[in-house]
Amino acid sequence: MDRRLPYALVGAIVFAGVMWWASRPPGELVSEEVASATVMAVDMRQRGPDKSMPRPVLVTVELDDGGRAKLWVSPPAPAVGATLQVRIQTFDEGSRRLTPVR
């Protein structure tokens, strides 16, 4: 049992480092706004036989300018065609990050 502890610690440190690196902003934040997006698709694959715990739902949204993104939203799942409020962060190199506003 104690031989596995160093491997578990190294694995946890590597995982935390990867999650930190993936979540950091791609550049300097230029603007931030709240806009409406239309739900184009709702992915319900994560619904298995154990439905006792509500899980986040993956939705595809489309902005007014035609840009699309996939977002995790908390239950209940929005219907296709529904309007969802999203926060749009625009960075200096031109990329955007969308997060749902609930």
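Please read these numbers as outputs of a predicted model, since none were measured by experiment. Position 1 is the first residue of the sequence; numbering continues from there.
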Engineer: Hydrophobic clusters join Ile, Leu, Val, Met, Phe, Trp and Tyr when side-chain heavy atoms are under 4.5 Å apart, directly or via other members; which others share one with Leu29?
Structural biologist: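 Listed partners: Phe91.
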
Engineer: Applying side-chain contact (heavy atoms from CB on, under 4.5 Å), can you list everything that pairs with Val42, at least two apart in sequence or on another chain?
Structural biologist: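 Checked Val42 against side-chain contact (heavy atoms from CB on, under 4.5 Å); matches are Val39, Met44, Val57, Val59, Ala77, Val80.
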
Engineer: Could you state the interatomic distance from CD1 (Ile88) to CZ (Arg97), rounded to the nearest 0.5 Å?
Structural biologist: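 Spacing of CD1 (Ile88) from CZ (Arg97) equals 13.5 Å.
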
Engineer: Is any NZ, NE, NH1 or NH2 atom of the basic residue among Arg87 and Glu32 found under 4.0 Å from an Asp or Glu carboxylate oxygen of the other?
Structural biologist: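 Salt bridge flag = yes for Glu32 with Arg87.
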
Engineer: Between Pro100 and Trp72, which heavy-atom pair has the shortest distance, and what is it?
Structural biologist: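 So the minimum-distance heavy-atom pair works out to CG-O, 3.5 Å.
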
Engineer: So, taking the atom named CG in Leu84 and the one named CG in Leu71, what distance separates them when rounded to the nearest 0.5 Å?
Structural biologist: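 Reported to 0.5 Å precision, the distance equals 7.0 Å.
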
Engineer: Measuring from atom CD of Gln89 to atom CG of Leu98, what distance do you get when rounded to the nearest 0.5 angstrom?
Structural biologist: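 Answer for the CD-CG pair, Gln89 versus Leu98, is 9.0 Å.
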
Engineer: Would the distance check show the side chain of Asp92 and the main-chain N or O of Glu28 forming a donor-acceptor pair, the cut-off being under 3.5 Å?
Structural biologist: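 Yes; at least one donor-acceptor contact below 3.5 Å.
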
Engineer: Restricting to side-chain contact (heavy atoms from CB on, under 4.5 Å), what partner residues turn up for Asp65, sequence neighbours left out?
Structural biologist: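 For Asp65 the side-chain contact (heavy atoms from CB on, under 4.5 Å) partners, ignoring immediate neighbours, are Leu63, Arg96.
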
Engineer: Would you give the length of the straight line joining atom CG of Asp64 to atom OG of Ser36, rounded to the nearest 0.5 angstrom?
Structural biologist: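 One gets 7.0 Å once the value is rounded to the nearest 0.5 Å.
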
